[in-house]
Amino acid sequence: MASININSLAENASRLGMRIQETFSEHTRDLSITRGSGSLFDMPDEKVKNIGRQLDSSSDREKLDAMKRLIALISKGRNVSSYFPQVVKNVASQNLEIRKLVYIYLLRYAEHEPDLALLSINTFQKDLTDSSPLIRAMALRVLSGIKVPMIGSIVVLAIKKCAADISPYVRKAAALAIPKCHQLDEGHQTSLIDIISTLLRDRSPLSIGSAVVAFEAVCPTRLDLLHQQYRRLCRLMVDVDEWGQISLLNLLIRYARVMLPKPVLSHDGEMVEEADSDLQLLLISAEPLFQSKNPAVVLAVVRVFFYIAPPSQHSRFTNPLLRILSNSRAVERVALSYLVVITCAHPHLFSSHYLRLLVRADDPQQVRRDKIRVLLNILNADNYQIILREFTTYAEDMDDEVVGNAIAAIGHCARLIPDCVPQCLAILMDMIRSKQDIIVSNAVQILKSLVQNQLLSGTVVANVTHSPLSIISSLAGKIDDVRHPQAKACVIWLVGQYCVTQESGTFFEGIADWAPDVLRKSARSFSSESNIVKLQILTLSAKLLVMCPTDRTLGLLCHYVFSVARFDIDYDVRDRTRMLASLLAGLSPSISGDEDTQDQGGVVLRREQVKRVLFEGKEDVSVNEVIPGEIHSLIGSLSLTVGKDVGSNTVLPEWLESGIDPTLRVNEDDPVLTPSVTTARSQYPIVSANTAPIVLTPNQSTSPPGNGSKVPWKDLDKFYEDESSEETEESESNSDGEHSNESEEDSHEDNTDDSVTDEDGSSIPNDGREEDQEGVQENTV
Amino acid sequence: MAIDGLIILDSAGRPVIQSGYTSHPPAYPIFHIDALNTALSKATRPEDVDPVLYVPPGFGGEGSACCHVEIGGLRLVASVSGDADPLVAFAFLQAFQDILIDYFGTVNVATLKDNFDTVYQLLEETLDPSGHPLTTSPNALRDIVLPPSLLSKLLASLSPSVNSTHPPKISCSGANAAFASPIPWRKAGVKHNHNEALFDVVEDMQSIVGRNGVTIVSNVWGKIETNAKLSGTPDLTLTFTNPQVLTDCAFHPCVRLQRWSRDRSFSFIPPDGRFVLAEYRYAPPQSVVTGTSGIVPVPLVLKAVMDAGEFGGTLSLTLSSRLSTKTMENVEVEIYLGEDAIGAQCAASSSGTGTVGVGEGGGSWTFDPRRKVLRWEILSMRTSGSCMLRGSWTSKAKAPRPARAFQIRFDIPSYTFSALKVDQLRLSGENYKVYKGVRGRSRGSIEWRW
């Protein structure tokens, strides 16, 4: 008996010891801080089997561990939907950490397992009344993520409930749930639109951005819903979060285009711009956002000014746009692609800022290309000297495409600004001497188009060294150095086309001396040339033969070229040979190589006719344009950045000539404020237009509709008055009960939601952004 | 403007973190990863890869694009399609990157793998499944997603039983405190033992110097990086003795724009912790001689003789500082020698008394055979004297095409180009002394054409 007791005691003791050791090692495992969850992330596969058991265990720590493992597996791209039933059970866990991970899991898989997710729908609904706004928001997120049309009405109810939540964070989640619900079942559109218009009336700027997102997704055409809110949204702009500002600005651009009259220029005596006061309000409210640190916000404001501002205000976006170029390489790349379009439309805005747009050798390829285009766009008589010098430098770039663009840009300069033609020609002639093949070939092609242009237009520059013909003659002299096939073909064509000369004393009458020389050189290397060069050699010999049919040497040379070409490996070359040979049959019967040409009959052209065929009709000077033609994409769209159609379908609506009746925009709750006062920077006084029909009944303390379900609104100033004694003078003078006015103001503290009242209020002296406003209020009271 | 999803790739191009992509076919993110990896492997210089990569449509759909940035050996990738603005994607990537740094200090594969659950929670809170950025202010996020800390790890490992008995008290405290602050960017109820506000004025010079040694363009971009550890709700006013040097400013949302436009002072209630208060461009004083806006002088001189002949060339560089008192550090001169470059042979030396390197006087040089870049580094360059690098390089090409300019980078500690000077920092709303610290730091990146 005693021995048994001792035995069992010993056994128990050893068991206890083992237990302690186990738990100890288990607990210390996670203590190794440096390893952290990394071990979980890269766990061996056999551990995966334990996940199911861990999820069912009663220990929170085990569950948390299992959830982390699941998230790690998701992250590695494994499908872990088989754990769904076990995970769902944990959705009501008391531990917030577990719950958050469960929600993340559910958000991934609720779509794939809607039936199972439905089982837990009660838990989500219960969570909607949780005390933590975080849980309420997450529950709504999962609920709206379950894609079963059956529960559509439950989701609508949940959204409605959350849209009236006291926490703006939950209201934001409600707004974001709306598009998902709409996607699921469009039948709920009317009730959803109601919720959206409630959310748009929200006092807190925090959820406005999401409400706009919902608006764009559910009812983008119902701009009429915005009438009442338009002025308030404009004033609220500064305080909306940065992402919300972007959505809001884009929406208001559309609103302005459809609902406001187009700003017009009237010509009575002098140019007077007329812009609607509501349009001015939008512009003035948007302008301070130029100083946002977020480049996307700055661009959104640029869009506002680019698309709806009257021309005199366009210059406002020059500096902000240039500023975001220095933000980061990626931002520079994207912003430059928009700048190309903007400078196309308004080159004068940037022409004095060319120094900020110079290309650096270490810029990424796309940036270098876009900068060259922008520089070309803004080129004018004042800055061409420096820009031209820059292009010359860029021609030595490491990237072939940039070299091509730079040299083409030089040609473009010459066309845009006639004064710099000699300079451009000098630069290009210089380039032909370069050791780099790519520079030479590009320069030759641009020279060709320049020379041709000049000969055609007849504006021959007085400068003798760079007269078109002397350029051709020097090109002809360099034919051996030109290796690039396209460039070589180009030179040979030029030589053939302009070989006719009036000068006497040349070796062959009527032909410049260099032309037969080029033919001699190229005939020698004919077989080793590429196709386009061969074709041009044929053309050259045909032209020379027409000009000088009697000369024996020339005839032999041509004969040689034609006989070689007739047996060329390429059928294009053979075709061309045959065509030219029959064309020339009247001048040199033997050239076709066949003895029986005479018998073939058909039409034989006379010399004059052949000349006409070969030389005339070459006016079409097409250069590969650096600047593309019309650009349809909007600024701030992906298709503009990648230069390809990516299925974007946003089209900016055209202006309506006369806007809608401005009285529709009158909101009872609007404070009596002239638009300029609400802006942070009122240094741009608006035109007299702000006396537009703002007929307001200011001091009616009606609370805005839709907020009835909330805890009674407590004015911020009141709140501070209660909580602290240190009040600034201004706010004291104001706390005389004008709640409806005060509450509409766009101060930062407006974000206070009612939950603040339970917290110990810390005193915030009045925000400077509303100081001026306060002053005006005092006057109006 | 929607972002389809976010992926974080490790240095080998494998995904570490990946957001839901619930409304896309499963192959969609894979296409993006593949497109990026292919582009990166093709490019000789990784910076030449277009940050907005076009991804052709997979099956019947429309094309999309992959926006990517590099950080700590990782690549953050955001996929965008349709009429989205890539600029929003990049702004979001920047914000997300700032959040990661705020949470984990540094960002690399190890920290992400250690804290992947936190990263997923952050992703959930910052990016809506429909692709709209949500809360990105670190102060607000810290209330929602608890940052990993020693304490929370200890709690998690030591007290599972405590956790289950009093769960709401421990675990939900964060959730209840969330959104309690009346100011979106500042947490409520902050307490610090030492109240201090540190301002780092960081300036970055971007210049291009022409062949003749004349500065063509030179701009200085500044940032005021702030670390505010202040209790309660402090209302600060920062004034400068020379605010006229600031132009083209951009501000953190906390700065009252009206005060700035009225009396050129920064008035703000700061977020808790690190943030960038403002960004600006240095407006140099008008030059008396030319009457135009002056150019910020480049603080060094490079005399470069570069000769590219057949199969290589020679170079001879002389670098000297123009600063009168400050020492320049980590000076790097780089030149790309063209894709056919094979190698280089140089000798670095110094003259005068001023230079101190590690080991020898004129710094050290290396040739990177993968990037084909010749790099010359000088750890520390004093005010007088100069450093020289002479040598030759070889190439496989008959007519080699080296880059047309040298890229020079340098740091100047405790120096600002603008000489921006803080006049005073006033605190209202709280009753304690604030320790104020202001430091300057400069760096530069100069393209010197030869």
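Just so it is clear: chains get the letters A, B, ... in the order the sequence lines come, proteins before strands, and each one is counted from 1.
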Self-check item: Contact class of Arg449(B) relative to chain A, heavy atoms under 4.5 angstrom
Solution: side chain
Quiz item: Looking at Thr118(B), Val217(B), Asp50(B), which one has more heavy-atom pairs under 4.5 Å with chain A than the rest?
Solution: Asp50(B)
Quiz item: Rounded to the nearest 0.5 Å, how far apart are CG of Asp241(A) and CH2 of Trp185(B)?
Solution: 12.0 Å
Practice problem: Tell me, for Leu355(A) versus chain B, whether the close heavy atoms (under 4.5 Å) come from the side chain, the backbone, both or neither. | Solution: both
Practice problem: Could you have a look at Gln366(A), Lys180(A), Arg356(A) and say which one has the most heavy-atom pairs with chain B under 4.5 angstrom? | Solution: Arg356(A)
Quiz item: Do you know which of Pro86(B), Ala405(B), Pro234(B), Pro51(B) has the most heavy-atom pairs under 4.5 Å to chain A?
Solution: Pro86(B)
Practice problem: Count the heavy-atom pairs under 4.5 Å between each of Arg281(B), Gln94(B), Gln18(B), His68(B) and chain A, then report the option with the highest count. | Solution: Arg281(B)
Practice problem: Measure distances from Pro400(B) to the heavy atoms of chain A and classify the residue's part below 4.5 Å as side chain, backbone, both or neither. | Solution: backbone
Quiz item: Side chain of Glu447(B), backbone of Ala361(A): donor and acceptor closer than 3.5 Å?
Solution: yes
Exercise. Answer with side chain, backbone, both or neither: which region of Ile335(B) has an atom nearer than 4.5 Å to a non-hydrogen atom of chain A?
Key: neither
Quiz item: Is a salt bridge present between Glu390(A) and Arg211(B), judged by a nitrogen-to-oxygen distance below 4.0 Å?
Solution: no
Self-check item: Part of Ala278(B) within contact of chain A (heavy atom distance under 4.5 Å)
Solution: neither
Quiz item: So which part of Gln183(A) gets closer than 4.5 Å to some heavy atom of chain B, the side chain, the backbone, both or neither?
Solution: neither
Quiz item: Side chain, backbone, both or neither: which part of Ile438(A) has a non-hydrogen atom closer than 4.5 Å to chain B?
Solution: side chain
Quiz item: Can you tell if the side chain of Glu124(B) reaches within under 4.5 Å of the side chain of Tyr103(A), non-hydrogen atoms only?
Solution: no
Quiz item: Given the rule in the side chain to side chain contact (heavy atoms under 4.5 Å, CB included) test, do Arg360(A) and Ile208(B) qualify, once you have shown the distances and angles that lead to the verdict?
Solution: CA-CA 7 Å; Arg360(A) 286 180 65 126; Ile208(B) 301 177; 3.8 Å; yes
Practice problem: Check each atom of Thr393(A) against the heavy atoms of chain B and say whether the ones under 4.5 Å are side chain, backbone, both or neither. | Solution: both
Practice problem: Quick one: do Asp85(B) and Arg303(A) satisfy salt bridge (charged side-chain N to carboxylate O under 4.0 Å, His left out)? Show the steps, please. | Solution: CA-CA 12 Å; Asp85(B) 181 2; Arg303(A) 280 163 57 103; over 6 Å; no
Quiz item: Between Ile216(B) and chain A, which part of the residue has a heavy atom less than 4.5 Å away: side chain, backbone, both or neither?
Solution: both
Self-check item: Heavy-atom pair of closest approach, residues Arg323(A) and Asp248(B)
Solution: CD-O, 3.0 Å
Quiz item: Checking heavy atoms, do the side chain of Phe251(B), its backbone, both or neither come under 4.5 Å from chain A?
Solution: both
Quiz item: Checking Val276(B) against chain A: side chain, backbone, both or neither under 4.5 Å from a heavy atom?
Solution: both
Quiz item: Heavy-atom distance under 4.5 Å to chain B: side chain of Glu242(A), backbone, both or neither?
Solution: side chain
Exercise. Pick one of side chain, backbone, both or neither for Phe268(B), based on which atoms fall under 4.5 Å of a heavy atom in chain A.
Key: neither
Quiz item: Is Lys172(A) salt-bridged to Asp128(B), cutoff N-O under 4.0 Å?
Solution: no
Exercise. For Tyr120(B) and Leu101(A), run side chain to side chain contact (heavy atoms under 4.5 Å, CB included): C-alpha distance rounded to whole Å, both residues' side-chain angles, the deciding distance at 0.1 Å, then the answer.
Key: CA-CA 9 Å; Tyr120(B) 270 102; Leu101(A) 294 180; 5.8 Å; no
Practice problem: Report the C-alpha separation of Leu176(A) and Leu134(B) in whole Å, then their side-chain angles, then the decisive distance to 0.1 Å, and conclude whether the side chain to side chain contact (heavy atoms under 4.5 Å, CB included) test is met. | Solution: CA-CA 10 Å; Leu176(A) 288 170; Leu134(B) 301 170; 2.9 Å; yes
Quiz item: Salt bridge between Lys68(A) and Asp117(B), side-chain N to carboxylate O under 4.0 Å?
Solution: yes
Self-check item: Any Trp260(B) side-chain heavy atom under 4.5 Å of Gln291(A) side chain
Solution: yes
Exercise. Work out which heavy atom in Leu206(A) is nearest to a heavy atom in Pro184(B); give both atom names and the distance.
Key: CD1-CB, 4.4 Å
Self-check item: Under 4.5 Å from any heavy atom of chain A - which part of Ser207(B)
Solution: backbone
Self-check item: Side chain / backbone / both / neither for Val359(A) at chain B, heavy atoms under 4.5 Å
Solution: both
Quiz item: After noting the C-alpha distance and the side-chain angles of Leu87(B) and Arg333(A), does the key distance pass the side chain to side chain contact (heavy atoms under 4.5 Å, CB included) rule?
Solution: CA-CA 9 Å; Leu87(B) 211 52; Arg333(A) 147 80 177 92; over 6 Å; no
Quiz item: Of the backbone (N, CA, C, O) and the side chain (C-beta and beyond), which part of Arg99(A) lies under 4.5 Å from a heavy atom of chain B, both, or neither?
Solution: neither
Self-check item: Pairwise side-chain contact, Gln121(B) with Ile71(A), heavy-atom cut-off 4.5 Å (strictly under)
Solution: no
Quiz prompt | Which atom of Ala91(B) lies closest to which atom of Asn294(A), heavy atoms considered | solution = CB-OD1, 3.1 Å
Quiz prompt | Side chain / backbone / both / neither for Met67(A) at chain B, heavy atoms under 4.5 Å | solution = neither
Quiz prompt | Per-residue contact mode, Glu396(A) against chain B (heavy atom under 4.5 angstrom) | solution = both
Quiz item: Hey, does Val88(B) have a side-chain heavy atom less than 4.5 Å from the side chain of Trp243(A)?
Solution: yes
Quiz item: chain B: which of Asp363(A), Val334(A), Val298(A) shares the most heavy-atom pairs with it under 4.5 Å?
Solution: Val334(A)
Quiz prompt | Lys/Arg N to Asp/Glu carboxylate O, Lys100(A) vs Glu125(B), below 4.0 Å | solution = no
Quiz item: Given that the side chain runs from C-beta out, which part of Asp399(A) has a heavy atom under 4.5 Å from chain B: side chain, backbone, both or neither?
Solution: backbone
Quiz item: For Met398(A), does its backbone N or O pair with a side-chain atom of Glu339(B) as donor and acceptor, under 3.5 Å?
Solution: no
